[in-house]
Structures are given as C-alpha cells and as structure tokens.
Amino acid sequence: SRRYESSPSPSSIPSSWHDDVSLVTVNDVSSSWHFNATLAESIRKDVLRFLDPERDMFLLQREVKPGVRIPYILNRGHFATVTRTVHSLLPSAPLLHGRRFATCALVGNSGILRGSHCGSEIDRHDYIVRCNMAPVTPFKRDVGIRTDFLTMNPSILPRYYGGLRNATLRDRFVARLRALGKGIFWIPAFMVPPERRWVDAVTDLIAHEHLSLHPAMPSLRLMHAVRGYWLSNHVDIKRPTTGLLMYTLFTRFCRQIHLYGFWPFHSDTEGRPVPYHYYEVMSYSYYSRSSPHAMPLEFQALHRLHELGALRMRTQACT
Ligand code: CTP
C-alpha cells in the first residue's frame, strides 16, 4: 500500500520544473499567464503513476467493514475502529467518477484574499474546492460563495466550533454544512489518534441531521502516494498541506486549475502584513512555528508551475 516506496523514476515533467525552484522569489508573481495544456496533461498522467485520484480519494463502503481496525495514516502503530456510523456514511462508488471540468478554482485560506475582489471570478469556475470549512458569506466579495467540494480537518472542531459542546455551536456547524447543498464534504479521518473523537462527533451529527451533502473520506494510501509524487519531483515535504493535496488530486478532474489564497508569507509584495487566514487575524509567524508543513516550499513548486502555465496562481487582486 505504501506505493511511493517503489515509485517510478523521476517524472516526465521538464527538468526546469524542479531545477530552479530555489530561484523563485515571491516578488516575481507575474500577472500575464498562458495555459500550457501539454504540461498540465503530462502532470495529470504523472500523478496517475502514483495514485488514481478517482479511486484513492474516496474510501468506499465495500473496502472496510464495521468493527474492523485500520491503522492511522500518520501513526501506523495505532489503530482506529470503523464504527457503524462511519461505515454507513461512506460512498458505495467513487463520487467523482468520470467527472471532468473545464476550469476549477482551488481556494486556499491565506489573508492575501482580503480585499482581492476575487469572489465573482472564483464563482464563475465550473467546480470550486475550498479547504477546512473556511467561512465564505461575510467574505463573499473576496472569496466567492459557491462550494462544490469542502474539506474538513477534524482539528477545526475544537478550534472554531467549541468541540460542538452546545446547541448553538452545533447549529452554526450544521448551517455551514447545509450551505454546501449536494456538494462533497471530505474529511481526512484516521490521520492521528487524538482527532478520532472529532471524527466521531461530526459523523454522528451528519448521520442525525437531514443533509443533502455527500460525506467522504480518503483511502488509507492517499497521503503517502501524494507525498511520493512530490518527492519524485524533488519537492521534499513531510506532509502535504490540504491545498497541495487538492491540487494534486484535482489534476485528474480539471483541465485548468486556478489557485486563489495561496500565500504562506507574512507580508505581500508591497511589504504590507498578510494574516495567515483571510477570515481571522492570526499572523503567519504564529502558524509557521507549530506546523508540520513546508508551505513556502510548496508555494515555490506551485508558483513554478504557474510560470510554466500548468496551473494559474492568483496572488494579486482580481479586476
Ligand atoms: N494556504 C496558503 N497560505 C496561507 C494559508 C493557507 O498557501 N497563508 C494554503 C495551504 O495549501 C493550506 C490551504 O491554503 O493547506 C488551506 O488553508 P488552511 O485551512 O489554513 O490549512 P491549514 O489548516 O493551515 O493546513 P492543513 O489543513 O493543510 O493541515
């Protein structure tokens, strides 16, 4: 299952893709951009050598039984039991099977989006992916409102929803889920043992509310395979961020991917401070001290792909 260990040799991506990653500076984010369909297609095929997002993005009901114990993805010495509730929520078939979109927006959560006026541009894409249940309504002008695919890192429950300990907090959480309509709600469950209680709290709640969303969880091999893909391209990350993970997976479904809200730096190109998230005043330095991620390194890789035309990264205001 740890396919990256027997990974294919480095990819078909042009060597310039990774050779000069270290030369990229945050000051040269240009606004002129041309789509390089050949490179985008080559990346899509290359990702497929490590994983098939269509299959690996969704743990299916038939792949686990209620009561079975499975290893935590990032803590393999510990095991999680699949509850009946979790099992009942898993899809019976891959949710994005055969889907192809002309353009997708992948919205990261950086404060660079504040004042960007990118909302209507984001909402015009065919498919819209957002991370970690970031709020949208009060920030509509800058981030848009539509969401087709929403991720939820379980750690946000104690941080932003008081661990769902009372009816008001639960209602706020359920309201956010209702706004997703029939979209996909993707929970990277079974990562590490301490998050287990939050996974159970969310799955219990989804099972009891009448929501039209489609809950989903990743297959157990997904994270390792995604990491393997980036390692083979000399992007040495211990654990991909949700944003990088989503870019990698959606290469399968989207012809063009446009990134918004990816800016893991404490100031913008004019030297103005940029909060870590667009929806709260947390500084980037607070975050970077405690994170398992290598966001600036990821940014350099994604920005290089922007320069080569494989993806479009928006870091300036939209006009
Ligand atoms: N991001 C970014 N710059 C920031 C904040 C976020 O590039 N200042 C991108 C990252 O790829 C991140 C994604 O936007 O994964 C979603 O942001 P967030 O919810 O803040 O992710 P984290 O909780 O920080 O990290 P993760 O869920 O990846 O563990």
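As the structure lists them, so they are numbered: ligands from 1, and atoms in each ligand from 1. The figures here come from the full heavy-atom set of this structure, side chains too, leaving out hydrogens, waters and symmetry mates.
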Set out, in order, the CA-CA distance, both residues' side-chain angles and the distance that settles side chain to side chain donor-acceptor pair (under 3.5 Å) for Gln300 and His303, then state yes or no. CA-CA 5 Å; Gln300 285 182 337; His303 178 247; over 6 Å; no
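- Residue-to-ligand polar distances place Asn132 within reach of ligand 1: an N/O pair is separated by less than 3.5 Å.
- Note: no N/O pair closer than 3.5 Å links Arg239 and ligand 1 by distance alone.
- The backbone and the side chain of Asn109 each have at least one atom closer than 4.0 Å to an atom of ligand 1 (non-hydrogen atoms only).
- Ring centroid separation for the pair Phe139 and Tyr278 comes in under the 6.0 Å cut-off.
- Legend: salt bridge (Lys or Arg N to Asp or Glu O under 4.0 Å) pairs involving residues 240-267, not counting sequence neighbours, sorted by first then second residue: Asp52-Arg252, Glu54-Arg252.
- Using a 4.0 Å cut-off between charged side-chain N and carboxylate O, Arg44 and Asp46 make no salt bridge.
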Less than 3.5 Å apart, which donor and acceptor atoms pair up between the side chains of residues 172-188 and the rest of the protein, not counting sequence neighbours?
unit_1 : atom_1 : unit_2 : atom_2 : d
Arg172 : NH2    : Tyr160 : O      : 2.7
Arg176 : NE     : Ala134 : O      : 3.4
Arg176 : NH2    : Ala134 : O      : 3.1
Arg178 : NH1    : His210 : O      : 3.0
Arg178 : NH2    : Glu209 : OE1    : 3.2
Trp186 : NE1    : Met57  : O      : 2.8

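- Ion pair Asp123/Arg130 flagged as a salt bridge, since at least one NZ, NE, NH1 or NH2 atom sits closer than 4.0 Å to an Asp/Glu carboxylate oxygen.
- Using a 4.0 Å cut-off to heavy atoms of Thr241, the atoms of ligand 1 that qualify are 10 (C), 11 (O), 15 (O), 28 (O).
- Here the closest non-hydrogen pair linking Trp263 and Thr269 is CH2-CG2, 3.9 Å.
- No part of Phe299 comes within 4.0 Å of ligand 1, judged by heavy-atom distances.
- Residue Cys131 has at least one heavy-atom neighbour below 4.0 Å for each of these atoms of ligand 1: 16 (C).
- Taking every non-hydrogen atom of Thr242 and a distance limit under 4.0 Å, the qualifying atoms of ligand 1 come out as 15 (O), 26 (P), 27 (O), 28 (O).
- Below 4.0 Å from some heavy atom of Phe262 lie the following atoms of ligand 1, by number and element: 2 (C), 7 (O), 11 (O).
- Contact atoms of ligand 1 toward His277: 18 (P), 20 (O) (distance under 4.0 Å to a heavy atom of the residue).
- Interface of Gly108 with ligand 1, defined as ligand atoms under 4.0 Å from a residue heavy atom, comprises 14 (O).
- Distances below 4.0 Å separate heavy atoms of Asn153 from the following atoms of ligand 1: 27 (O), 29 (O).
- Considering each of Gly243, Pro264, Pro275, Gly261, the one bringing a non-hydrogen atom nearest atom 1 (N) of ligand 1 is Gly261.
- The main-chain N or O of His125 is found under 3.5 Å from a side-chain atom of Arg146 such that the two form a donor-acceptor pair.
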